[in-house]
Amino acid sequence: MSGPVAIQKLQAREKPASQKTATAPRPAGLFPAGVTATLEYADIDELACAIRNWNHEGIQVGRGRFHSRLDLVHTAAMQIHRVRLSPAILVRGLAVPGSTVIGIQSGGSNRAKWRGRTMAPDDVVTFDGRSEIDFHVTGPSEITVVSVDRELLARHVD
């Protein structure tokens, strides 16, 4: 997107008519199980439709056309997302309630910021579904995020 800064909601958007499917009851677990895909988007709203159960928004803070690639794998207890983004983006909001999230900037020469602090290449961010997200990538980046059911993780850690 060129021109002024764009603010676009990443969750709770209506899916385009071409992407609507019948609504099925939500399966047991935090995440929609059995999903594996590699998808490319030229619109931030389309990317939002693929990131399920999060309550967050993205603000495109860099000029240029939006482009992203999303690799995802979901089980009932875990989501794994690898997102490649072309513009600078600020993400705020909340992860899936009941989850623990582990995130890392896995690619891109521009360093990401977590809650205003610049991340080093090996830094890992962890938070849960009750913690506010404040994540900023300053240019083309790749982010890998693993969200795990908090109770399942706690059982395995104990």
Side-chain angles (χ1 to χ4, degrees), residues 8-16 18-60 66-114 119-137 139-158:
Q8 299 180 14
K9 187 78 172 160
L10 280 179
Q11 189 65 31
R13 291 274 186 183
E14 177 87 6
K15 282 187 178 183
S18 63
Q19 291 184 353
K20 288 186 180 180
T21 58
T23 304
R26 184 173 171 183
L30 291 181
F31 310 109
V35 178
T36 303
T38 296
L39 307 162
E40 294 197 14
Y41 300 100
D43 183 284
I44 201 166
D45 294 327
E46 292 176 6
L47 174 62
C49 290
I51 302 174
R52 302 290 174 94
N53 301 341
W54 288 59
N55 181 17
H56 63 291
E57 68 179 1
I59 304 164
Q60 183 173 333
F66 178 84
H67 184 264
S68 68
R69 176 183 166 151
L70 172 65
D71 299 311
L72 58 89
V73 176
H74 291 190
T75 70
M78 183 174 12
Q79 287 181 324
I80 302 171
H81 295 136
R82 183 175 63 183
V83 183
R84 292 182 189 119
L85 298 164
S86 62
I89 298 283
L90 174 64
V91 179
R92 291 190 175 153
L94 299 171
V96 177
S99 68
T100 296
V101 180
I102 302 163
I104 186 168
Q105 182 179 2
S106 49
S109 59
N110 297 301
R111 300 311 321 148
K113 292 184 180 183
W114 175 252
M119 295 174 60
D122 296 335
D123 286 352
V124 174
V125 172
T126 61
F127 59 98
D128 65 27
R130 300 172 299 214
S131 300
E132 186 72 25
I133 299 167
D134 181 4
F135 185 75
H136 180 206
V137 292
S141 298
E142 178 181 286
I143 313 304
T144 301
V145 178
V146 178
S147 306
V148 181
D149 181 309
R150 182 175 50 239
E151 291 178 14
L152 176 69
L153 184 61
R155 285 194 306 270
H156 287 282
V157 169
D158 285 342

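Partners of R82 by side chain to side chain donor-acceptor pair (under 3.5 Å), not counting sequence neighbours, listed by chain and number: D71. Qualifying side chain to side chain donor-acceptor pair (under 3.5 Å) partners for E132, counting only residues two or more places apart in sequence or in other chains: none. Every side chain to side chain donor-acceptor pair (under 3.5 Å) that D128 has, sequence neighbours left out, goes to R130, S131. Listed by chain and number, the residues in a side chain to side chain donor-acceptor pair (under 3.5 Å) with S106 are E142, T144 (sequence neighbours excluded).
Ring geometry, W114 versus F135: the interplanar angle falls from 30° to 60°, so the pair is classed tilted.
Checked by atom type and distance alone, the side chain of D149 never pairs as donor or acceptor with a backbone atom of L30 at under 3.5 Å. With Q105 contributing its side chain and N110 its backbone, the two residues share a donor-acceptor pair below 3.5 Å.
We find the CD1-CG distance between I51 and N53 to be 11.5 Å, quoted to the nearest 0.5 Å. To the nearest 0.5 angstrom, L72 atom CG is 7.5 Å from T36 atom OG1. Interatomic distance, OH of Y41 versus CG of L70, reported as 5.5 Å (0.5 Å rounding). Interatomic distance, CZ of R69 versus CZ of R84, reported as 4.5 Å (0.5 Å rounding).
When all heavy atoms are compared, the tightest approach of A76 to A33 is N-CB, 3.4 Å. Between P87 and F66, the closest heavy-atom pair is CG-CD1, 3.7 Å. When every heavy atom of W54 is checked against every heavy atom of S147, the shortest pair comes out as CZ2-OG, 3.2 Å. Closest approach of S86 to P140, counting heavy atoms only: O-CG, 3.4 Å. Here the closest non-hydrogen pair linking F31 and M78 is CD1-N, 3.2 Å.
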List the atom pairs, donor and acceptor, that lie under 3.5 Å between side-chain atoms in residues 88-104 and the rest of the protein, sequence neighbours left out.
| from | atom 1 | to | atom 2 | distance (Å) |
| --- | --- | --- | --- | --- |
| S99 | OG | V96 | O | 2.5 |

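The ring-ring contact (aromatic ring centres under 6.0 Å, His included) contacts involving residues 71-91 comprise H74-H81, where partners must be two or more places apart or lie in separate chains.
For CD of E40, the number of neighbouring non-hydrogen atoms (other residues, nucleotides, ligands) closer than 6.0 Å is greater than 12.
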